[in-house]
Amino acid sequence: MKKIIKHLAAALVCLVLNQTLAIASSHREAPLISNDPLADNTDVYAFRSPTDSSKIVLIANYIPFEHPAGGPNWYTFGENIRYEIHVDNKTSTAGSDIIYRFTFSQVNQDSTTFFRIRLGKENWKTTYTLERSLNGGTTFTTIVSNGIVPPPNIGPRSIENATVGLGVPNYDTLIQRAITTSTTGERVFAGPIDDPFFADLGGIFDVGNFRQPGRDGLAKFNCHSLVIEVPISTLQKDGKTTAQATSILDSDFIIGVYANASRPQIYTFDSTGGNGTTTGNWIQVSRLGMPLTNEVIIPIGQKDKWNATMVNNESQFEKYFKNPELALYMDNSQFGGAVPGLAQLRVQSASLGQYDFRNGKPGLFPLKGTAAVAGTALDNALFGNYLLPDNMSPRAVDILPIFHTGVPNLRPYQLATGKPQGNPLAAGKPFINNFLPTFGDMLRLNMAVPVTPRNSADFSSLGLVRAAVLGLTDTRFNGSAALQNIPNMDGFPNGRRLEDDVVTIELQAVGGVVLAAIGLWYDDYNVNTPGANPVTPQLGSTLAFNAGVVRNDTTLKTAFPFVQGPWRGFVGASYSGQNPLPVNFVKFTAEKQNEDVLLRWQVNNEINNDFYLVEQSLDGRTYTQIGKVNAASGNVNTYSFVHTRPALDKINYYRLKQVDKDGQFTYSAVRLIKFNGKSIMVISPNPAQDYVRVYAEQNMNIHVIDDNGKLLLSRKLVNSSVEIDLTGFPKGMYMIVAEKNGVRVETRKIVKQ
């Protein structure tokens, strides 16, 4: 007897009515797809290859939260699923222009065993066919047949042992064997990898409970990846190479990229236990373009509908970009005070003294149809009706185009560098053009933008946010409004590199950092003061914010396929991955000891650490080594160092340079000590019962932190003082921290009685 399930998606609705939202960058992001992990998109990346600038690397990841020891049925790509990477390179056609389609097949080489690998044979041995369409899916041509998918990285007996396993030198050998070149010139890899996404999932989804440091919820989990390295001339609409580009922001080189997965409409189960059969049309069950769209933009009641909707038919969802929910938690008039983890981010409510970008406010709508916007992207003759739709959609001017059309190299979307004071609508310094107005959720990448070398001192995981900072503040770039190659212009949201910290970037963007970059400064900028510095405390606070996890838990490969190999299910008493990053700074403090400075730091994850260099600066820019501390063994360690000759008449800046055994290094946060003069802060009363009032110099942010280091609230000084309500705080000791331009300047203890 056979049971016929018609329209699988409709049937699954009944199973998941009580499901709740799961976690990560499209890792189980909607109720229905959480029940079908093999078809679940987790992430999409598109970037110009750092090893061959004539190529673009397209990556689509699937199957979230694969535990390395998840046997006996380790995940692999599924049969009866179409995995596709879509590329849109022109506005004259509806839908995708280029499609890469993967389909997978599986065989059991030894069905007598429950082991995945035994005696050199592999069960669930998976191969694939890759097809390519250059006409939007009308016809497909097979460009790879019998492509190899490596097995899971089970352990040394399964992989390296020549008697019972596959007998290869190491797992990376399997990765290299799986890399192939298609008949049309693309390099291709399909297989299990370390999940390169990183985020403090536990903090994020505990109602925005961001913490410092965060805990990477994807650490030591794997996923499955499709990686294609494609010549730019294949993706460019006219077959051009970048040598033919008119500039590094040439509009003819913009592409949009997304990935999806589809299943047949009807699956018939066989009651005898044999393989079922499929019939009917192919139904899209998952898709992903921009990261985090379906997690933090689309509300839970619309998430399944979002996954089923084709990219070029999603105008019904635009309202969620115009007033993103996250902005409510960056607005003190809404729920900002209830989410201390986002206290550093506050959306502009009076930019340039008049423009309010909080949810439901007018934003730039008062300028609609006026002479002020003539010739800009906000002109009704161009895109004004889309970017300024009404007086209640303030983020249609920045968040909506970032996610739905890309951003054009038109006024006002140029850096404030070169613009007259207080006039964001003037021409400024170009820094982005990935405008492809096909009105759909895709990664948009301008392929003409040069690659920022990964070993460059300027390379930053903050992508275009960092490029904007350099373009505004760095003397190499801020002396002219002319177009220049600013480092990280090739970073998210202009495409997405594997290193890019998309969680931090998107939160900063919702917090208004893009508006600030083009001259719509934060509320504490005084437009009436000639020559006022736009790098105000609020901008500094926004730029200093991070989401708690700022890098992946392991390294990336320096050559194709760039993603790192999967974590191993068994190595000795534990499991480890490829070249794990060694250290996480849990705490770093600097304290006065008479006329010395005591530095103390606590770290964990010391897997590959060699030593720490202690560095001091007197200007916050140029650092000098003043000491070296060798690393200890173990997972959690505490260190200290005494600086016996600090400057007594200047501010002392301290940081730690942590160096791995393989030469890689990272820096800690910066700590400051000042000896001379009176305290920066006056706090009264202390001890206190109901409130304290903090007095300090202007341009300070004041933070309250509990004994566990958790940020409880933040306040901005107004007229050099601020009153902090303590009535809801338990009795005990708290720290009051004064911060200037994102750097802690002084810390004082208070007691709540």
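As a basis for the values below, the full set of heavy atoms in this structure was taken, side chains included, without hydrogen atoms, waters or symmetry mates.
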Q.
Quick one: does any side-chain atom of Asp500 pair with a main-chain N or O of Phe492 as donor and acceptor, under 3.5 Å?
A. yes

Q) Have Tyr525 and Gln348 got a donor and an acceptor in their side chains that come within less than 3.5 Å? A) no

(Q) Is there a side-chain contact between His703 and Ser714 in this structure, where contact means two heavy atoms from C-beta onward sitting under 4.5 Å apart? (A) yes

Q: Can you measure from OG1 (Thr417) to CG (Asn478) and round to the nearest 0.5 angstrom?
A: 5.5 Å

**Q.** Audit row: Val397, Phe365, side-chain contact (heavy atoms from CB on, under 4.5 Å) steps and yes/no
**A.** CA-CA 9 Å; Val397 79; Phe365 186 77; over 6 Å; no

(Q) Would you say Asp331 and Ser333 are linked by a side-chain donor-acceptor pair, where the criterion is simply a distance under 3.5 Å? (A) yes

Q | Glu499 vs Ser461, side chain to side chain donor-acceptor pair (under 3.5 Å): CA-CA, chis, key distance, verdict | A | CA-CA 6 Å; Glu499 297 88 350; Ser461 62; over 6 Å; no

Q) Where the side chain of Gln421 meets the backbone of Gly531, is there a donor-acceptor pair that is under 3.5 Å apart? A) yes

Q | Donor-acceptor under 3.5 Å (Asp200 side chain, Gly548 main chain) | A | no

(Q) Donor-acceptor pair, distance only, cut-off 3.5 Å: does the side chain of Asp490 make one with the backbone of Val449? (A) no

Q) Under a 4.5 Å cut-off applied to non-hydrogen side-chain atoms, are Tyr355 and Leu364 in contact? A) yes

**Q.** Residue list, ring-ring contact (aromatic ring centres under 6.0 Å, His included) with Tyr654, at least two apart or on another chain
**A.** His643

Q) Side chains of Asn488 and Arg497: do they bring a donor and an acceptor to under 3.5 Å? A) yes

**Q.** Heavy-atom closest pair, residues Met290 and Ile402
**A.** CE-O, 3.8 Å

Q) Does Gln602 have any side-chain contact (heavy atoms from CB on, under 4.5 Å) partners at least two apart in sequence or in another chain, and if so, which? A) Val586, Lys587, Val636, Thr638

Q: Take atom CZ of Arg215 as the centre, draw a 6.0 Å sphere, and report whether it contains more than 12 heavy atoms from other residues, nucleotides or ligands.
A: no

(Q) If you define the side chain from C-beta out and look only at heavy atoms, does anything of Asn701 sit under 4.5 Å from Gln344? (A) no

Q: Measure the spacing between CG of Asp195 and CG of Asn552 and express it to the nearest 0.5 Å.
A: 7.5 Å

Q) CG/Leu498 to OG1/Thr555 distance, rounded to the nearest 0.5 angstrom? A) 11.5 Å

Q | Partner of Ile702 by side chain to side chain contact (heavy atoms under 4.5 Å, CB included), out of Leu713, Val694, Val737 | A | Val694

Q) Taking atom types as modelled, is there a side-chain donor on Asn359 or Glu325 under 3.5 Å from an acceptor on the other? A) no

Q) Is there side-chain contact between Val347 and Arg395, with heavy atoms separated by less than 4.5 Å? A) yes

(Q) More than 12 heavy atoms of other residues, nucleotides or ligands under 6.0 Å from OH of Tyr667: yes or no? (A) yes

Q) CG/Leu726 to OH/Tyr691 distance, rounded to the nearest 0.5 angstrom? A) 10.0 Å

Q: Mark yes or no for whether Ser351, through its side chain, and Leu520, through its backbone, hold a donor-acceptor pair below 3.5 Å.
A: yes

Q: Before giving the answer on side-chain contact (heavy atoms from CB on, under 4.5 Å), spell out for Val597 and Phe641 the whole-Å C-alpha distance, their side-chain angles and the decisive distance to 0.1 Å.
A: CA-CA 8 Å; Val597 176; Phe641 178 85; over 6 Å; no

Q) Between Lys220 and Asp553, does at least one N-O distance fall below 4.0 Å, as a salt bridge requires? A) no

(Q) Can you confirm whether the side chains of Thr504 and Asn546 place a donor and an acceptor under 3.5 Å from each other? (A) no

Q | N/O donor-acceptor pair under 3.5 Å between Asn686 side chain and Val751 backbone | A | yes

(Q) To the nearest 0.5 Å, what is the distance between CZ on Phe197 and OH on Tyr45? (A) 7.0 Å

Q. Is the backbone N or O of His404 less than 3.5 Å from a side-chain atom of Arg444, with the two atoms forming a donor-acceptor pair by type?
A. yes

Q. Out of curiosity, Thr293 OG1 to Leu288 CG, how far, rounded to the nearest 0.5 Å?
A. 7.5 Å

Q) Considering all heavy atoms of both residues, which atom of Arg346 and which atom of Gln538 are nearest to each other, and what is their separation? A) O-NE2, 2.9 Å

Q | Backbone of Pro424 reached by a side-chain donor or acceptor of Lys419 within 3.5 Å | A | yes

Q: Go through the side-chain N and O atoms of Ser349 and Asp523 and say whether any donor and acceptor fall under 3.5 Å apart.
A: yes

Q. Which one of Leu507, Val339, Leu345, Val549 satisfies the side chain to side chain contact (heavy atoms under 4.5 Å, CB included) criterion with Phe210?
A. Leu507

Q) Closest heavy-atom contact between Pro324 and Phe321? A) CD-O, 3.3 Å

Q) Is there a side-chain contact between Leu618 and Ile651 (heavy atoms, below 4.5 Å)? A) no

(Q) Main chain of Phe729, side chain of Lys752: is a donor-acceptor contact present, judged purely on distance under 3.5 Å? (A) yes

**Q.** Min side-chain heavy-atom separation Val469-Leu462 under 4.5 Å
**A.** no

Q | Validation row: Asp501, Phe198 side chains within 4.5 angstrom (heavy atoms) | A | yes

Q.
With a 4.5 Å cut-off on side-chain heavy atoms, are Ile297 and Leu292 touching?
A. no

Q: Measure up the Trp601 and Tyr639 rings against each other and bin them: parallel (under 30°), tilted (30 to 60°), perpendicular (over 60°).
A: parallel

Q) Is Tyr522 reaching over with its side chain to a backbone N or O of Val513, donor-acceptor style, under 3.5 angstrom? A) yes

